[in-house]
Amino acid sequence: MSGTIIDGIAIGKVIREEIKERVDLLKEKGCVPGLAVIVVGDDQASHTYVRNKQKSSVEVGMKSELIKLPATVTEAELLEHITKLNEDDSINGILVQLPLPNHIDENLVIRAIDPKKDVDGFHPENVGKMIIGQRAFLSCTPYGIIKLLERTNTEIKGKHAVIVGRSNIVGKPMGQLLLQRDATVTYCHSKTEDLASFTKQADILIVAIGRTKFITAEHVKEGAVVIDVGMNRDENGKLCGDVDFESVKGKAGAITPVPGGVGPMTITMLLKNTLHSAEQACIAKNGSEQ
Ligand code: GUN
């Protein structure tokens with residue numbers, strides 16, 4: 001028996017329609033949500049991601065501003081752009097596409113973004129608030145995975161969630177969000193010994209390690225929900241994930257494909273965060289009676 005394929009494209013589309021309705025309401029109140037995206041250098045993958053983010057924001061009715069800077073831009077110049085956007089009332093969300101060139105300190109750049117406009121959820125203030133369960137912008141990929149689990153009625157409470165990967169953007173916040181929803185969480189990573197002994201215990205297995213088709217049927221418990229965050233190219237140049245989809249799909253209870261699983265949800269949550277920021281700014285501008 002094959003597992004259910006979790007359709008991130010369809011779920012993302014429904015959420016983006018909900019976002020568009022709320023954007024229209026905001027516009028009626030004279031507030032147009034604005035997202036600014038900064039991309040540095042000419043890495044093709046980064047430019048593709050940024051184009052997709054821009055296109056999606058325009059589709060839901062937001063204003064989109066793209067700032068393209070050369071790889072030679074100085075840290076001071078980049079920080080100046082961020083300061084201007086922080087002060088610009090027409091901008092509700094600021095995103096600096098990572099990675100940045102080596103001469104620029106990523107942490108410094110992230111800290112320079114006003115936490116109220118940090119729609120990536122990377123600022124230490126938002127990360128800290130998230131960990132102690134306060135309202136905060138959530139990192140878009142883990143937030144999107146939570147929405148995928150919710151909208152497929154996947155039980156989280158009491159379940160064993162195993163996260164493979166411990167990045168600041170995905171693995172670490174993912175575990176925290178699942179913990180808040182009463183999962184028992186295990187983190188695995190590149191130094192974990194006997195990885196399969198952990199992954200085989202997972203009711204929910206989240207894989208974010210950036211290694212092509214690394215997780216196979218032997219790593220997975222029968223009926224587990226498998227979420228693949230990977231975005232790699234196989235030997236034929238075809239997009240694929242960190243999970244060997246063909247090997248695992250017959251054993252998993254549900255599985256996300258690559259492409260078409262987590263990816264569309266990440267962009268959708270970026271829009272959701274930008275909408276939230278714009279709603280807060282609009283209340284501040286017009287007063288709470290509206
Ligand atoms: N690079 C890869 N993923 C992301 C992301 O979610 N946000 C930003 N800003 N850069 C990225």
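Both counts, for ligands and for their atoms, begin at 1 and track the order of listing.
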Hits for side chain to side chain donor-acceptor pair (under 3.5 Å) against Thr268, two or more places apart or cross-chain, chain-then-number order -> Arg16
Practice item. Taking atom types as modelled, find out whether Ser167 and Lys172 have a side-chain donor-acceptor pair closer than 3.5 angstrom. Key: no
When Val262, Val225, Ile145 are each screened for side chain to side chain contact (heavy atoms under 4.5 Å, CB included) with Ile206, the one that passes is Ile145
message = With heavy-atom distances below 4.5 Å as the criterion, would you say the side chains of Val96 and Val39 are in contact?
response = no
For Ser247 and Thr216, test the side chains for any donor-to-acceptor distance below 3.5 angstrom and give the result as yes or no. no
Contacts for ligand 1, heavy atom under 4.0 Å, by chain and number, are Lys53, Leu95, Val96, Gln97, Leu98, Asp120, Phe122
| message | Is there a path of hydrophobic side-chain contacts, each under 4.5 Å between heavy atoms, that joins Val229 and Ile5? | response | no
